[in-house]
Amino acid sequence: MKRHSATGRLAAALGTAAAVAALSGVFAPAAQAAESSITDVTLRWGLSQEAGGGSYFGGCNYLSAGKAGNTGSSRVWTEADGFYAASAGNVSIEKDGPNATKVAPTWATKCIGAAGTPVTPAPGSSTNNQVVLSAGTGVVDAAAGTAKVQWDGDFTAVFYGGLTYWTASDPELTVNADGTATLTATASGYGASMEDTTKWEAISPRVIDLAKFTDASLTASGFSGTPVYRGVVVTGVDNQVTTGANAGAFPQSYIDFQKLTGQASYWYSSGGGADPKKVAAPLAASWTAPTTPSPEPSDDSQAVEIGVDVPVTTPTTPEEFKWSIAGTGAVNLGSAQQNQAGSFAATGALPTITVTDTRSGQSGWSLSGSVSGFTSGAGSFAASALGWAPALANNTVGAAAGAAVAPAAPGLGSSAVLASVGNGHTAGSVDVNAALNLLAPAGTAAGSYTSTLTITALSD
């Protein structure tokens, strides 16, 4: 891998003084994908339609934020119990509202569907409430297809208005490179029975699989998938229906736990009219995509004396990647003119950069640039004052120009792409140009300002 840089002079003036900026180029290795930390991860999941459906007793089934207390017996919750919550810590609950919106429920509206009427046990009738877990943390490697995210929080699934309920605590999502994934949590609650209404006993906490995935989608900024349900056959139950469009079940450890709560048959197909509502609902998690820091210029960059009249290029050898900056690299932006808003504007052009790639296989490459802050004695203004509008000429390699970057919004204080091309491109070359636009803020003192614009080439 070869590294070369060239320096030139870029001039602009505020008032009567000229400004000078150095222009340099660096050839650096391509960045490698790696595991990155992520924070503020949000997960949304409604478990199933049945988890928000109407019930034959107790009004409806519903989700509640937080870990519910002990009712002391199998009975319907009351508002006075204080167990129901639409939000608790990092957990909140949403349900269908009017006009395809999601709204926060209240004790009075928790069983009201999108149409404004109470939900019923009929197929398709559900509040479609969902739990929203926020502030998750973890790691992701989108290139490898792996991730692990944890949340700190609890939610409670309440059936038949409170006759039976259980809590999931601190969920954890693990995504594997083969596209499989698992969402686990610590489950706890109370044992009840439709056959013995006097039964009420605490269940010791245990880790269970809430959902499993076989074809999950993972990107740099999120995860999505529909849990495996249809076609899943579980053991330990004697009434699962295993044929039909909606035949299936939640994971085995989930069903084993629900046998203790008394809810088991609501999480697998049992041949009743509610079977279509028992199918596991899609799940999604989102976060801000990690950013890759711009590469620093290499320590072995060498400067070319100012005033050189020939391009500085890498040695010409067969099948290689090379790039050069035309002339001395000097650009005169002239005298900045003050506009009606009081800002100082100047324009110019980046010296033409010629990129030639004759390598076998033609690996992709990119040129990017960023500028340091402008200084002059005691005066200064931000790097973001400089912007550019890339353009290409004599493009036989199939490159694409980078997006225009306006001065001050956001400007070139952060690295921006000048030009790029993907793997497998045509062998050839391209001339890369850019119009430079300077917009110094109102109130900037006259003076000779200096800044360094770094152009970086990355290629495999």
Side-chain angles (χ1 to χ4, degrees), residues 5-26 288-289 291-297 301 303 306-307 325-353 366-393 400-420 431-457:
S5 65
T7 60
R9 305 182 75 85
L10 177 66
L14 296 176
T16 59
V20 179
L23 179 66
S24 62
V26 178
T288 300
T291 57
T292 302
S294 300
E296 295 292 334
S301 296
I306 297 171
I325 303 175
T328 64
V331 179
N332 189 344
L333 300 182
S335 296
Q337 301 298 312
Q338 190 169 23
N339 59 28
Q340 292 183 347
S343 302
F344 294 90
T347 60
L350 189 72
T352 297
I353 301 174
S366 67
L367 290 180
S368 60
S370 63
V371 68
S372 62
F374 290 80
T375 60
S376 175
S380 66
F381 56 90
S384 59
L386 185 67
W388 66 18
L392 305 181
V405 177
L412 293 173
S414 298
S415 180
V417 174
L418 184 59
S420 64
D431 291 336
V432 182
N433 303 295
L436 299 177
N437 298 289
L438 181 72
L439 190 63
T444 300
S448 179
Y449 290 83
T450 302
S451 176
T452 298
L453 175 66
T454 301
I455 305 296
T456 304

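Each residue takes its place number in the sequence, starting with 1.
Within the 4.5 Å cutoff, the side chain of L438 has heavy atoms near those of the F374 side chain. At a threshold of 4.5 Å between non-hydrogen side-chain atoms, the residues L439 and N339 count as touching.
Atoms CG and CG, from N433 and L392 in turn, are 8.0 Å apart once rounded to the nearest 0.5 Å. Note: I455 CD1 to I353 CD1 = 5.0 Å, rounded to the nearest 0.5 Å. The OG atom of S370 lies 12.0 Å from the CG atom of L418; values are rounded to the nearest 0.5 Å.
Here D431 pairs with T354, N394 under the side chain to side chain donor-acceptor pair (under 3.5 Å) rule; sequence neighbours left out. The side chain to side chain donor-acceptor pair (under 3.5 Å) search around S372 returns S451, not counting sequence neighbours. Residues satisfying the side chain to side chain donor-acceptor pair (under 3.5 Å) criterion with N437, sequence neighbours excluded, are absent altogether.
Looking at every heavy atom in both residues, G369 comes nearest to L412 through O-CD2, 4.3 Å. Contact between A404 and P390 at its shortest, heavy atoms only, is CA-CD, 3.9 Å. In terms of heavy-atom proximity, S384 sits nearest to P410 at CB-O, 3.2 Å. The shortest non-hydrogen separation linking V405 to G411 is CG1-O, 3.3 Å. Closest approach of F381 and P441 over heavy atoms only: CB-CD, 3.7 Å. Pairing each heavy atom of W388 with each of L436, the nearest pair is CB-CD2, 4.0 Å.
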